[in-house]
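First comes the structure, then the notes that go with it.
To find a chain, count down the sequence lines: A is the first, B the second, and so on, and within it residues start at 1.
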2 protein chains.
Amino acid sequence: MDFYPHDVEQLAQHFRILGEPARLQILAALCDQERSVQDICQRTGLHQANASKHLRMMKDTGVVACRKKGVWHYYRIVAPEVLSLCLRAQKSLKQAETPLVPDNSLMEIIEQQ
Amino acid sequence: MDFYPHDVEQLAQHFRILGEPARLQILAALCDQERSVQDICQRTGLHQANASKHLRMMKDTGVVACRKKGVWHYYRIVAPEVLSLCLRAQKSLKQAETPLVPDNSLMEIIEQQ
DNA sequence: ATAGTATATAACTAATTAGCAATATAGTCA
DNA sequence: TGACTATATTGCTAATTAGTTATATACTAT
């Protein structure tokens with residue numbers, strides 16, 4: 001495994017988006033449909049200004065996009081990979097809770113890709 | 001998609017580890033074998049103290065582990081999921097560069113899992 | 001025009017942390 | 001022991017950012 005400098009920056013930026021509970025909850029709220037900021041706030045418990053800031057960040061990195069209908073701004077996920085990553089990571093963490101992954105299976109993982 | 005509070009914290013913590021170029025480079029250096037801190041520093045260009053701090057963080061969240069042999073500390077990846085996540089994310093980002101993912105394929109992604 | 005609502009932005013504080021230099025710790029070897 | 005090396009830790013600065021409050025912007029309805 002090896003990274004080009006630009007790739008590693010971009011990769012890190014996307015993971016950084018996922019590295020915050022509030023944003024994971026926003027993604028969970030958007031996983032099956034677009035939603036207004038109000039709706040997102042109610043579902044996540046985030047304050048409006050805070051949610052707005054997270055959404056701005058997620059929009060800037062290309063994870064969500066926004067459709068405006070009158071006063072309402074409907075956000076949706078436009079990088080569905082992130083959902084896939086979340087589900088994968090969640091599954092791995094759950095599995096790792098009890099048995100613990102053997103140390104020697106790295107190359108298998110690499111070669112599977 | 002929905003998260004339990006504990007899950008979302010743990011998920012975010014793991015993604016946070018991946019949200020930093022220096023740590024991605026460390027993972028790349030460790031992807032196929034354990035390596036000493038010296039070795040890691042040479043391959044990544046990180047200063048020793050800085051690498052040591054990143055490794056500490058990665059060890060604390062259970063992504064790497066350390067074997068001590070005399071003066072040398074050999075670090076290895078013990079959560080191979082993270083490699084899988086990196087490769088997946090990298091592939092998705094590369095694919096997204098040109099064609100751009102359609103907005104309506106979210107449920108497919110969810111249901112595939 | 002005015003009031004009310006949805007969202008975005010600004011200003012601020014507190015917390016985190018990346019990077020660096022200096023120092024401490026620990027093992028090796030002469 | 002003392003010199004040397006590998007790693008960890010500490011103390012510092014600068015940058016980022018999460019959360020909050022207050023305010024601005026934009027649309028709607030009366």
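Here the side chain of A/R76 pairs no donor or acceptor atom with the backbone of A/E34 at under 3.5 angstrom.
Atom CZ of A/R67 has more than 12 heavy atoms from other residues, nucleotides or ligands within 6.0 Å.
To the nearest 0.5 Å, the span separating CZ on A/R23 from CG on A/L55 amounts to 10.5 Å. Residue B/Y74 holds its OH atom at 6.0 Å from OG of B/S36, rounded to the nearest 0.5 Å. With values rounded to the nearest 0.5 angstrom, B/Q13 atom CD is found 9.5 Å from A/L93 atom CG. Rounding to the nearest 0.5 Å gives a distance of 12.0 Å between CG of B/L46 and NZ of B/K53. Atom CD of A/Q33 and atom CD1 of A/I77 lie 11.0 Å apart (nearest 0.5 Å). With rounding to the nearest 0.5 angstrom, the CZ atom of A/R35 is 8.5 Å from the CD1 atom of A/I40.
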side-chain contact (heavy atoms from CB on, under 4.5 Å) between A/L18 and A/V63, intermediate numbers included: CA-CA 10 Å; A/L18 303 180; A/V63 172; 6.0 Å; no
Between the protein and nucleotides 8-14 of chain D, which nitrogen or oxygen pairs are less than 3.5 angstrom apart?
unit_1	atom_1	unit_2	atom_2	d
D/dA8	OP1	B/H73	ND1	3.1
D/dA8	OP1	B/Y75	OH	2.5
D/dA8	OP2	B/S52	OG	2.7
D/dA8	N7	B/Q48	NE2	2.6
D/dA8	N6	B/Q48	OE1	3.2
D/dT9	OP2	B/R56	NH1	3.3

Name the pairs: protein N/O against N/O of nucleotides 28-30 of chain D, kept only if under 3.5 Å.
none

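B/E20 places its CD atom 14 Å from the C1' atom of D/dT17, with the value rounded to the nearest Å. The distance from atom CG of A/L46 to atom P of D/dT20 is 9 Å, rounded to the nearest whole Å. Per the geometry, NE2 belonging to A/H47 stands 12 Å off P belonging to D/dA22, to the nearest Å.
Residues A/E20 and B/A12 come closest through the heavy atom pair N-CB, 3.8 Å.
Nucleotides of DNA chain C with any atom under 4.0 Å from a heavy atom of chain A span, from 5' to 3', C/dA6 to C/dT9.
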